[in-house]
Engineer: 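Quick one: the structure is below, and I'll ask about it shortly.
Note that the structure is a prediction, hence the values are computed from the model and not measured. In what follows, every chain begins at residue 1, and chains take the letters A, B, ... in the order their sequences are listed.
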Protein chains: 2
Amino acid sequence: MAMRKVVERQTGVALWRQIADRIRLAISNGDYDAAGMVPPETVLAGEFGVNRHTVRSALAALAEEGLVRAVQGRGTMIERKERVSYPISKRTRFSQGLGRQVKEIGTQLIGHAEVPASGEIAAALGISPGARLVELRTVSSGDGRPLSVSASYFPADRFPRMAEEYARLGSVTKAFATHGLDDYVRVTTELVARHADADELALLKLSPGAIVMEAQSVNADLEGRPVEFSRTRFAADRMKLKIET
Amino acid sequence: MAMRKVVERQTGVALWRQIADRIRLAISNGDYDAAGMVPPETVLAGEFGVNRHTVRSALAALAEEGLVRAVQGRGTMIERKERVSYPISKRTRFSQGLGRQVKEIGTQLIGHAEVPASGEIAAALGISPGARLVELRTVSSGDGRPLSVSASYFPADRFPRMAEEYARLGSVTKAFATHGLDDYVRVTTELVARHADADELALLKLSPGAIVMEAQSVNADLEGRPVEFSRTRFAADRMKLKIET
DNA sequence: CTCAAATGTCTATTGATCTAGACAAGTGTA
DNA sequence: TACACTTGTCTAGATCAATAGACATTTGAG
């Protein structure tokens, strides 16, 4: 006897999207690992108590994401199931840590600018509001799928060439080194989860209604002086964050 | 000139719900602090490029949550704005840390059982699958609003009276002490964000489509032996997590 | 009091979502 | 090949979401 899985009506979230979310979660939990396929549409329709067409809409959305692939006559196969685990620790460095989970890591600089510090960023970095900052905006991906989009801010007086060096070296750690900073540690990270905005949907290639986890973090040199403030938004259905204390 | 704020159509997420999410975020960011009220419905309708009735649906949902209150003739006032910050560190203890952010903290034991360890939990606790565990299910709230729902698992051989002691003392730390465990530390925390399921919606009194942050964590004694596995789900629109490394 | 500005309520219409049923077409097995 | 099982496609109708416009009601300021 299959358990009736609950979906809610008249909530502003279409049934097909709720069901897509549930199936995505089940895939990532490994619930369908035995067969390597999603249950037949008629079975899912029965479990969720909806029409088969509604389930089809959900599966179509997941196929669009590249998570499953339907084959007429056979069924709907799972193409990808894992969430990438991203470690957050005192020595968080982006490219490390992802390690063997993805074969190929890409980071792309999508923009940079010199901007005045907002009140929030100034407070986090311990500088005065309006002080000059170098802003770097990047997108990171693993095996071709966007994983996160980030905006980082560095005091311009201490790290004036951050944008050029990052563009040349492809690494914040290495760009810091060219300014004479050889080591740094993460001081604080604040995490919030929310729906992605239009910008994030586009950059992360997410389907609308998707969730991002936003981490606001501060890195400091070994004397404790803040050197970087960053706002990284992770595609929540592709990543989990592993906090090491 | 008001900036046009983007909402997406035909995404399975109703416009009114997207707008409700955006307004909730703006409130929590303090964007409307100057006036203490949400902009008039006609202004919001203009900003989002939708009909006033659609904005009204969004505001009705926020009023239902207790976040705003509309008064005819005056406007829509903000009732509550803050997100509670929850610290995650080596010494994470629930009731501390929330500290002065909420006046009154409530934790409610909603159920307990003795269950066999699943493969996942067994691996996390370093015991054999099927070993007996004490399961505690709790809901925590601040100033009357549910903040998190949690399921915790303790090896039954070492902590046989966990459920009774927790019910009596209202604290995991104190219940540990009655079993001769005076100190413990958090070893790992894994974080995932996703849509809340029907159960979580009910327990956390969330409106459907809402987001939860799920933290899976392991606590160990000072010799490094795992003593607790827990799955805590935070209401994402009421909490931020502060990671201290 | 008068008026502008705000929320509250109603009707009507359009498009998206969901249900229902039927049948076509591909796959794997007996 | 015959058959069961699966996904693909089509039509039709019911319900929800969003737009549009009109007007009532309440509040606060002049």
Side-chain angles (χ1 to χ4, degrees), chain A residues 2 4-23 32 34-64 67-79 195 207-209, chain B residues 2 4-23 32 34-64 66-79 207-209:
Chain A
R4 168 64 167 271
K5 289 168 187 163
V6 183
V7 284
E8 317 241 335
R9 286 151 198 268
Q10 298 168 28
T11 64
V13 183
L15 292 179
W16 64 263
R17 176 148 290 284
Q18 295 183 53
I19 292 168
D21 290 338
R22 297 281 297 269
I23 295 174
Y32 306 139
M37 343 183 44
V38 170
E41 294 168 353
T42 49
V43 173
L44 289 170
E47 285 180 354
F48 288 108
V50 302
N51 192 275
R52 181 178 151 231
H53 295 294
T54 308
V55 169
R56 281 180 63 72
S57 301
L59 291 175
L62 295 177
E64 184 71 23
L67 211 64
V68 300
R69 186 167 50 88
V71 176
Q72 187 173 151
R74 288 182 63 194
T76 302
M77 277 151 294
I78 294 168
E79 295 280 278
H195 291 110
S207 42
Chain B
R4 168 65 166 269
K5 290 169 185 160
V6 183
V7 285
E8 317 242 335
R9 286 152 199 269
Q10 296 168 32
T11 64
V13 182
L15 293 180
W16 64 264
R17 176 148 290 286
Q18 295 183 50
I19 292 169
D21 290 338
R22 297 281 296 270
I23 296 174
Y32 305 140
M37 342 184 43
V38 169
E41 294 168 353
T42 48
V43 173
L44 289 171
E47 286 180 353
F48 287 109
V50 301
N51 192 276
R52 178 178 154 233
H53 293 296
T54 308
V55 169
R56 281 180 63 74
S57 300
L59 290 174
L62 295 177
E64 185 70 23
L67 210 65
V68 300
R69 186 166 49 88
V71 176
Q72 189 174 154
R74 286 182 65 193
T76 303
M77 277 151 294
I78 295 168
E79 294 280 278
S207 42

Engineer: Answer yes or no: is there a side-chain heavy-atom contact under 4.5 Å between B:V71 and B:M77?
Structural biologist: yes

Engineer: What integer distance in Å separates B:E41:CD from C:dT9:P?
Structural biologist: 11 Å

Engineer: For A:F48 and C:dT19, what is the distance between atoms CZ and P respectively, to the nearest whole Å?
Structural biologist: 13 Å

Engineer: Give the rounded distance in Å between these two atoms: CG of B:L44 and P of C:dA6.
Structural biologist: 11 Å

Engineer: Using side chain to side chain donor-acceptor pair (under 3.5 Å) as the criterion, list what pairs up with A:R74, not counting sequence neighbours.
Structural biologist: none

Engineer: Let me know the distance between CZ of B:R56 and P of C:dA6, rounded to the nearest Å.
Structural biologist: 14 Å

Engineer: Please examine the side chains of A:L59 and A:E41, heavy atoms only from C-beta on, and report whether any two atoms are closer than 4.5 Å.
Structural biologist: yes

Engineer: Separation of A:Q18 atom CD from C:dT17 atom C1', in whole Å?
Structural biologist: 12 Å

Engineer: Within the structure provided, determine whether A:I23 and A:L44 are in side-chain contact (heavy-atom separation under 4.5 Å).
Structural biologist: yes

Engineer: Summarise how protein sits on nucleotides 20-30 of chain C as a single string, 5' to 3': B when a protein heavy atom is under 4.0 Å from the base, S for sugar-phosphate-only contact, - for no contact.
Structural biologist: BB---BBSS--

Engineer: Given D:dT19, is OP1 or OP2 found less than 4.0 Å from the side-chain N or O atoms of B:T54?
Structural biologist: yes

Engineer: Return the nearest nucleotide to the side chain of A:L15; candidates are C:dG8, D:dA18, C:dC18.
Structural biologist: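 Closest nucleotide among those given: C:dC18.
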
Engineer: Side-chain contact test, heavy atoms from C-beta onward, threshold under 4.5 Å: evaluate it for A:Q18 versus A:D21 and give yes or no.
Structural biologist: no

Engineer: Could you walk me through whether B:R22 and B:F48 pass the side-chain contact (heavy atoms from CB on, under 4.5 Å) test, one step at a time?
Structural biologist: CA-CA 10 Å; B:R22 297 281 296 270; B:F48 287 109; 4.0 Å; yes

Engineer: Does B:T76 have a side-chain nitrogen or oxygen under 4.0 Å from the phosphate oxygens OP1 or OP2 of C:dT7?
Structural biologist: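 Yes, within the criterion.
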
